[in-house]
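One structure is given here, and the rest of the page talks about it.
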Amino acid sequence: MDYKATLNLPKTDFPMKGNLPQREPEFLARWAEQRLYQKIQESRADKPLYILHDGPPYANGHIHIGHALNKILKDIIVKSRTMEGYRVPYIPGWDCHGLPIEHQVTKQLGAKKKELTSTQLRQLCREYAEKFYTIQRDEFQRLGVLGDWAHPYLTMNHEYEGTIVREFGKFVEKGGVYKGLKPVLWCTQDQTALAEAEVEYEDHVSPSIYVKFPFQVNPGKQFGIPGLDGVEKVSMVIWTTTPWTLPANQAIALHPDIDYAFVQVGDEVLVMAEQLVAATAKACDLSEPKILGLKKGKDGFEGLVCGRPLTDGLSPILLGDFVTLEQGTGCVHIAPGHGMEDYILALKYNAKAQSQILTEPLQVVVPVDDRGCFTSEFEAFAGEHVLKANPQIVEKLQELGVLLGHGTLNHSYPHCWRCKKPVIFRATKQWFVSMDKGQLRERALKEIDRVQWIPERGRDRIFGMITNRPDWCLSRQRIWGTPIPGFNCAKCSATVADPQIIAHIADLVSEHGADVWFERSAAELLPAGTVCSECGGNEFKKEQDILDVWFESGVSHTAVLKPQGEKWWPADLYLEGSDQHRGWFHSALLSSVTTDGSAPYKAVLTHGFVLDGQGKKMSKSAGNVVAPQDVIKQYGAEIIRLWVAAQDYQEDLRISEQILKQLAEQYRKIRNTCRYLLSNIYDYDPLNPAHQIEIDQLPELDRWALMRLNKLNHNVRQGYTDFAFRQIVHELDYFCSVDMSATYLDILKDRLYTFPKESRLRRGSQMVLFKIVTSLAQLMAPILSFTAEDVWDVLPGKTKEQQAAGSVHVATFPEVIPIKDPEALEAQWKELLAIRAIVLGALEQQRRDKVIGSSLEARVVLQVTPNRHRFLQPYEQDLPTLFIVSQVAVTESDTILIEGHLAADVTLGLSVDVTKASDEKCERCWNYRPTVGGHAEHPTLCDRCIEAVS
RNA sequence: GGGCCUAUAGCUCAGAUGGUUAGAGCGCACGCCUGAUAAGCGUGAGGUCGAUAGUUCAAUUCUAUCUAGGCCCA
């Protein structure tokens, strides 16, 4: 007789292999068809809201692994909060305006660009952004991210553009907006400002000159350096490669900690960094330089003044950390109109006016026009292009006797990406938001401490940035963006930035889009009857600049959340890469504090950056880029999701072939455990009352398994609540590998396979298996969204509601199963399993020695202390099952000897020996039992199996 | 150059107000099973806790410096 046919062997169609690259698109199609996102929202309509406000990625290019990380993290949170019972809408967005798109489009156009109007160029940019947001949207969805993909927010939507203008109006209304000078990269050929991304660094030969700035008063008293007092001429020596910026000089900067030498050369004394004396002496051909003494930058220099070489006025000596000893003299010529560091230093010193270092504020002097020619402000060279004027300026310095030395320097210098000409730094009029007028800085800092920063260090990071940042420059000299709705009086050129006018423009923009600004004249845009408040003129010119895109995305909380309803603002969570402390978190905070007086978010969660397997940044040139599209093709999006969850995303994350392979293995284990669970409930019906067993009546082993499940449930949900996803992966992994596969399921095989189909023990275990696999699907769903659904599909006996829902993602997390005294159960079984581990070790030794093969061939002899005996007595019947052996004998002994036994553990109070089992092997259940052979009809079966068979 | 941060087995992660032999899962090696089978089980080998110096009776844990790496700024 074929006894195998009488067993209840596992049965399932659930495939061992996920086949994810092929199967995932099928799930996605189904979810789209059943409008899963909407269905979930409807099912939670009356639940408390949880708002995760999406930060908009830039609509340019395909998504990279960092995008995948960001969106999957969000998706895990959205799904887990949903399953915890919240209503969690997710509206994805895109940042559509800005330089990179305009740059790309312009590049593609080449010379044709000149033939296009602004509106036409903007249209091309719009199409470009549309193309890529669509591509990215599909790629995000492919990752299994659920959201309102049909209604995303785009910063180029007309309504959104209108909100940007309106919010700018509020900034103006609060009084912090002003126009001021700021240096930008400027192409004198194209007469346009350039962004850092628009310049190319190429070699360039510049003059290299050393110039004396003579002290007006001998500083000997100040420093007390011997031999200095009587000297007639004492000068600071600066070095520069841009002689043409000298007319704009305002100061000299020294490093506070560098030693400066007073060098006697002939009858004069020159001051320069000690370490650069030799190099400077060589470059300037100084004869017999003699160092009279040294002083650090911070020791007395600050505030002393020197004469300027080409202009009237005096330049104070200031201190700056940016001064280096790499080249020059360690004394830096400061022209705030022509250098970023110079400009920032000037702002810094002007701000500390009370410190009395300066007698008057430093000016941002720009004697250079759009064409790069000197203006009348520098009379001697007016009309001359600054780079062409360099040699003459050097000559002039020579004449004036302040040129200490000159040569040339070949160095890397910024050039215009379009015309390839060298560019210059030049201050131009820009729009700013003051950080301090209206206490924006102070109020923003206060708000920072009302926000929860995860991890906490994020607080310090943004706090430091807000503390130190200069005023926010809002203007950009570009086309593709939202215009700054300002006007200039044609007559008196007064700036018009009036909240009411701006509100009027905002309405126009909301209706027609920002193109309206470029298409209509100032007269058409302004409300009828507008007159200049300064001169009463009624003709105006439109402002040419657009707004910083950070302003645009910064107001998303207003553009996206507020229209949805009162409870949508502030958001519960913003979640982006840690670079956004300077970006979106920052601009959103400033915007929100200005217009609403508080932060737009309650919590901010940041993640790190994705690096390669060695922890190095990914780059095309290094050839170490891991593209999500490739991973999807090879492993499936599920593996990326698992990767996101398994890594410590708060630090930088690594990804490599090895890591992915390991994750695929881990995935296989979880999947296979589910498969095995499912395969053993093929004949189980959770809706059939006969298959329901009271929890209290289950054997301890089953209750232990349920207790472990409860623990898993608790820990996993805690993990979701705390955003500690890798804890969840570890919990799932451990539960599947250790609690289930190696313990519960292994032990259970005998019962499931050999017991009568309808036996209460078997049905009871099946009930447990059903609960476990159902719970696993629910608990893993936010991370392993496809696999959870795959399991959910084949669960037996769905209730009507479950069938209607049709997706695990509509479900909530499992209920905790009521188990009596779980602590005692846990403690008890911890001991039992520890004993089991010792026994397993002893079995292995006998296997090595070829005494046994399968553990069912074994008879285990335990020698235990009286205490241990009392503990084991209630389990004595169950021990063979627990150890998966045929026989267990327990004998009591007062002392446990380690010697002479296969294994022993004094703390556990037992020793273990293993022999070959006595009796015959039952053909059906493979146990060695004394009853085998006792039945004439089934001579190869044991009593238990005879009962099961008949 | 400045601000913030990271460094524990081959991999992903735990861990300790400083205190015995630093843990888990996976992978690997070896073995078993052949009724989870391109599966399952067991046993085992892997770590100078990035480097150096200091504080301490005691440091992987605290401090400093360095090295490597990341984000932001210049």
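Below, chain A is the first sequence line, B the second, and so on; all start at residue 1. Below, all heavy atoms of this structure are taken into account, side chains as well, without hydrogens, waters or symmetry copies.
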Worksheet item: Should B:G44 be called syn or anti, with syn set as within 90° of 0?
Response: anti

Response to the item:
Residue pair A:A837/A:Y734 against RNA chain B: nearer the 5' end by closest nucleotide is A:Y734

Discussion item. To the closest 0.5 Å, what do you measure between CZ (A:R582) and CD1 (A:I466)?
Written reply: 8.0 Å

Worksheet entry | Spacing of A:R654 atom CZ relative to B:G10 atom C1', expressed in whole Å | 13 Å

Practice prompt. Measure from the side chain of A:M16, starting at C-beta and using heavy atoms only, and say which of B:C72, B:C11, B:A39 lies closest.
Written response: B:A39

Discussion item. For A:Q275, I'd like to know if atom CD has over 12 heavy atoms of other residues, nucleotides or ligands within 6.0 Å.
Written reply: no

Practice prompt. Starting from C1' on B:G70, measure out to CG on A:D652 and report it in whole angstrom.
Written response: 4 Å

Item to complete: Scan A:M340 against the nucleic acid and name what it touches under 4.0 Å (heavy atoms): base, sugar-phosphate only, or nothing.
Response: nothing

Worksheet entry | Sugar-phosphate, base or nothing in reach of A:K850, heavy atoms under 4.0 Å | sugar-phosphate

Worksheet item: Which nucleotide, in any strand shown, forms a Watson-Crick or G-U wobble pair with B:G1, with both distances under 3.5 Å?
Response: B:C73

Worksheet item: Think A:Q647 has a side-chain N or O under 4.0 angstrom from the OP1 or OP2 of B:C13?
Response: yes

Worksheet item: With a non-hydrogen cut-off below 4.0 angstrom, is A:R668 in contact with a base, only sugar-phosphate, or nothing?
Response: sugar-phosphate

Fill in: Residue closer to the 5' end of RNA chain B, A:D648 versus A:E665 (nearest nucleotide)
A:D648

Discussion item. When both hydrogen-bonding distances must be under 3.5 Å and the geometry is Watson-Crick or G-U wobble, what is B:A38 paired with, if anything?
Written reply: none

Worksheet, complete the sentence: Pairing partner of B:G25, by Watson-Crick or G-U wobble and under 3.5 Å for both distances, is B:C11

Item to complete: Answer with base, sugar-phosphate or nothing: what part of the nucleic acid does A:L840 contact at a heavy-atom distance below 4.0 Å?
Response: sugar-phosphate

Worksheet entry | Crowding at NE2, A:H714 (>12 non-hydrogen neighbours, <6.0 Å) | no

Discussion item. What contact category does A:V738 fall into here, base, sugar-phosphate, or nothing, at under 4.0 angstrom with non-hydrogen atoms?
Written reply: sugar-phosphate

Worksheet item: How is A:E923 classified with respect to the nucleic acid when contacts are heavy atoms under 4.0 Å: base, sugar-phosphate, or nothing?
Response: base

Discussion item. Taking any heavy-atom pair under 4.0 Å as a contact, classify A:R836: base, sugar-phosphate, or nothing.
Written reply: nothing

Worksheet item: So, is A:K749 near the phosphate of B:A36, with a side-chain N or O under 4.0 Å from OP1 or OP2?
Response: yes

Practice prompt. Mind calculating the distance between CD (A:Q666) and P (B:C13) to the nearest angstrom?
Written response: 10 Å

Worksheet item: Going by heavy atoms in the side chains, are A:F735 and A:L776 under 4.5 Å from each other?
Response: yes

Worksheet item: Does the side chain of A:Y413 pick up a donor-acceptor pair with the side chain of A:T241 at under 3.5 Å?
Response: no

Item to complete: With the side chain counted from C-beta on, respond yes when A:R461 and A:S578 share a heavy-atom pair under 4.5 Å apart, and no when they do not.
Response: yes

Worksheet item: Phosphate oxygens OP1/OP2 of B:G70: is one of them under 4.0 Å from a side-chain N or O of A:K617?
Response: no

Practice prompt. Rounded to the nearest angstrom, tell me the gap between atom CG in A:D739 and atom P in B:A24.
Written response: 15 Å

Discussion item. Under 4.0 Å, heavy atoms only, any strand: does A:T324 hit a base, just the sugar-phosphate, or nothing?
Written reply: nothing

Worksheet item: Using a cut-off of 4.0 Å on non-hydrogen atoms, how would the nucleic acid contact of A:G608 be classed: base, sugar-phosphate, or nothing?
Response: nothing

Worksheet item: Taking only side-chain nitrogens and oxygens of A:R848, does any of them come within less than 4.0 Å of OP1 or OP2 of B:C30?
Response: no

Worksheet item: Between B:U37 and A:R675, is there an OP1 or OP2 to side-chain N/O distance shorter than 4.0 Å?
Response: yes

Worksheet item: Base, sugar-phosphate, or nothing for A:G464, non-hydrogen atoms under 4.0 angstrom?
Response: nothing

Response to the item:
When rounded to the nearest 0.5 Å, the distance separating CH2 of A:W926 from OH of A:Y753 is 9.5 Å

Practice prompt. To the nearest Å, give me how far apart NZ (A:K348) and C1' (B:C73) are.
Written response: 14 Å

Fill in: Partner of A:N927 under side chain to side chain donor-acceptor pair (under 3.5 Å), chosen from A:T754, A:D750, A:T881
A:D750

Worksheet item: Base, sugar-phosphate alone, or nothing: which one does A:W926 contact when heavy atoms must sit under 4.0 Å apart?
Response: base

Item to complete: Would you kindly give the CD-to-P distance between A:E857 and B:C41, to the nearest whole Å?
Response: 19 Å

Worksheet item: Hey, does the side-chain of A:R461 have a donor or acceptor N/O within less than 3.5 Å of a partner on the base of B:C71?
Response: yes

Practice prompt. State the pairing partner of B:A58; accept Watson-Crick or G-U wobble contacts with both distances under 3.5 Å, and report none otherwise.
Written response: none

Worksheet item: Under 4.0 Å between a side-chain N/O of A:K669 and OP1 or OP2 of B:G40, yes or no?
Response: yes

Discussion item. Taking any heavy-atom pair under 4.0 Å as a contact, classify A:D579: base, sugar-phosphate, or nothing.
Written reply: sugar-phosphate

Worksheet item: Would you say a side-chain N or O of A:Y667 is under 4.0 Å from OP1 or OP2 of B:C26?
Response: no

Fill in: Base of B:A36 paired with side chain of A:S741 (donor-acceptor, under 3.5 Å)
yes

Discussion item. Applying the Watson-Crick and G-U wobble criteria at under 3.5 Å, what pairs with B:U6? Answer none if nothing qualifies.
Written reply: B:A68

Worksheet item: With a 4.0 Å cut-off on heavy atoms, is A:K661 in touch with a base, just the backbone sugar-phosphate, or nothing at all?
Response: nothing

Practice prompt. Using the P atom on both, measure B:U60 against B:A51 and round to a whole Å.
Written response: 9 Å

Fill in: Below 4.0 Å: OP1/OP2 of B:U6 and any side-chain N or O of A:K616
no

Worksheet item: A:Q614 CD to B:A7 P: how many Å, rounded?
Response: 18 Å

Fill in: Distance, rounded to the nearest Å, where A:R671 contributes CZ and B:A38 contributes C1'
14 Å

Worksheet item: What nucleotide among B:C26, B:C11, B:A36 has an atom nearest to a side-chain atom of A:I659?
Response: B:C11

Discussion item. Any base atoms under 4.0 Å from A:E844, or only sugar-phosphate, or nothing? Heavy atoms, all strands.
Written reply: base

